[in-house]
> 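Here it is: the structure, laid out below.
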Amino acid sequence: MSKRRDESERRKKYRAGSFAISAMTCPGCRAIIEEPVENCPRCGYSGHSVVKKFPFAAPTIERYIDPNGHFGPADRELIDEALSELATRFPQVRFSFCVIDLEQETDPREFGFWMLNASPVNDPVEEKLRPWTILLLIDGANDRVSVTSGYAIEPFLNEERWVALLQFSGRLFLRRDYGAAVLNFVEGAVGVLSEGAERTERRLSLGKSENLGEKGRWK
Amino acid sequence: MEVKRVLLILLALWVPASGGQGDTPLRPANGIYDPEGWLDERVKLEMEGNISVAREKGDAAVFVVILPGDAGAGGDEAALEMGRSWGGEGLWGLLLHVIDDPESPRYFGEFSRATDWSEQQTGDFQASIQRALSEAARKAKLSADPQSQIASGTRILSEELGYLGLVMEKIEHNNAQARGDRDSGATAGSDSPVRPESIILVVIGVLIVISVFVFFRLKNEEEREMEYYFPATSPRKRFLAPWSGGGNVLIQFNVTNQGDRRESERRF
């Protein structure tokens with residue numbers, strides 16, 4: 001894996017599609033879209049739709065969004081420690097863990113989409129962090145979890161890896177041992193991010209050697 | 001006539017100037033002054049032997065003075081004069097016996113040579129001399145007759161002073177050695193060669209410090225190298241959402257109807 005790139009390299013912006021391997025889907029109807037659109041071509045869904053669907057204030061995006069106190073102090077300490085360790089490797093990425101009881105008909109993926117976009121951004125720090133946020137949403141009422149990522153980190157993640165990681169901790173989620181489950185998630189996230197980094201570096205190298213510039217699309 | 005008078009005056013002045021030295025007899029070769037031959041020959045021989053041992057052992061001079069009974073009160077003073085005259089400034093002891101004096105024998109001793117001893121050492125040594133004299137006096141009194149007392153007194157005094165002579169030698173030797181170390185240390189301070197052991201220790205210490213420094217430097221480098229920064233991308237903004245386009249991962253954890261097996265259902 002590579003290290004910091006030099007300043008000129010880092011200032012350069014790449015097209016997200018050059019790296020992304022996960023499909024773009026409509027949060028409303030789950031239709032796959034080929035290009036970024038303002039409204040879903042199938043159902044017309046947009047950010048306005050979701051605000052209407054959830055017409056209340058979105059919580060502030062924090063590390064722990066846990067109104068019912070599922071994460072004890074010991075859990076938080078362990079998770080914080082794991083996140084610190086992760087931050088030494090991937091300083092840009094922020095994690096948020098939300099445990100909430102949703103209605104059965106509410107799709108956690110859509111709810112996560114709403115949270116990341118509707119939650120207020122009131123300061124430059126949040127403005128910088130929001131696109132690099134990975135939100136793990138735990139629906140305690142229905143034993144469901146979802147992962148939603150900000151635009152900046154999204155292209156580098158292989159969502160299949162999140163699935164495998166979360167399934168590995170299935171028993172913990174069912175037991176409502178969310179502290180241990182999230183800890184497993186964070187520890188596994190290092191691997192997911194590492195894989196993304198390696199893939200990115202390979203593609204950057206290919207891009208240089210073949211002088212492709214912004215060519216090449218990836219899903 | 002004038003010259004004769006001057007010489008007489010000078011002679012008169014000279015005699016008092018020389019003090020009592022004119023009265024002190026010459027130092028006896030065997031250390032025993034017995035002008036009237038009071039001591040038995042057998043006892044004298046024994047004492048001569050003890051006196052010579054003290055001289056050989058510790059370079060201590062021991063004298064025995066036998067004075068006639070009419071010596072009077074001046075006997076002690078005369079004994080001191082004799083001891084100082086014969087023993088000089090070195091370590092000496094003198095046994096004075098005034099014939100028919102119930103207080104006799106009496107013991108005298110001194111060490112008055114200038115030394116570079118400490119005050120403590122000097123005081124202790126002088127006290128030891130007095131103890132030796134007292135010890136000789138005490139033990140000699142246990143003998144029955146005066147001749148035996150003098151003989152045993154001389155023997156004990158010789159032993160004690162002989163031992164103190166060795167002590168004195170030891171003190172001077174130690175002091176000389178201390179002076180010698182100080183001197184050699186002072187002269188060798190500026191130009192003495194550095195010991196090889198010191199050089200090795202310094203080198204090892206420096207190597208250890210360098211190793212620790214390099215280790216942590218490399219560790220920090222490694223940790224910094226482990227940091228990874230994803231490149232900035234122009235986001236795939238969609239659905240008018242400013243920060244995220246949503247995700248596809250949803251896991252439904254279900255409890256199946258088949259015993260205790262739990263399965264998770266993934267929706268993608």
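In what follows, every chain begins at residue 1, and chains take the letters A, B, ... in the order their sequences are listed. These numbers come from a predicted model, not from an experiment.
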> Contact between A:D143 and B:Q252 at the side-chain level, heavy atoms closer than 4.5 Å - yes or no?
yes
> Show the numbers, then the answer: is there a ring pair (Phe, Tyr, Trp, His ring centres under 6.0 Å) between A:F90 and B:F230?
CA-CA 8 Å; A:F90 302 102; B:F230 292 98; 5.8 Å; yes
> Restricting to pairs with a member in residues 194-215 of chain B, which pass ring pair (Phe, Tyr, Trp, His ring centres under 6.0 Å), not counting sequence neighbours?
none
> Is B:R236 paired with A:E154 through a side-chain N to carboxylate O contact shorter than 4.0 Å?
yes
> For a quick test of reading the model, state the closest non-hydrogen atom pair linking A:P108 to B:L250 and the distance between them.
CG-CD1, 3.6 Å
> I want to check something: taking the side chain as every heavy atom from C-beta on, are B:V249 and A:S146 in contact at a cut-off of under 4.5 Å?
no
> If you measure from OH on A:Y151 to NZ on B:K237, what distance do you get to the nearest 0.5 Å?
7.0 Å
> Side chains of A:E201 and B:Y228: donor-acceptor distance under 3.5 Å anywhere?
yes
> On the 0 to 90° scale, with breaks at 30° and 60°, tag the B:F253-A:F173 ring pair as parallel, tilted or perpendicular.
parallel
> What part of A:I153 is in contact with chain B, defined as an atom under 4.5 angstrom from a non-hydrogen atom: side chain, backbone, both or neither?
side chain
> Using the ring-ring contact (aromatic ring centres under 6.0 Å, His included) criterion, which residues pair with B:F111? Sequence neighbours excluded.
B:W117, B:F125
> Taking C-beta and beyond as the side chain, do A:M24 and B:N248 meet within less than 4.5 Å on heavy atoms?
no
> Which one of B:S244, B:A241, B:G247, B:G246 has the most heavy-atom pairs closer than 4.5 Å to chain A?
B:S244
> Looking only at heavy atoms, which two atoms of B:G245 and A:P27 are closest? And how far apart?
O-CG, 4.2 Å
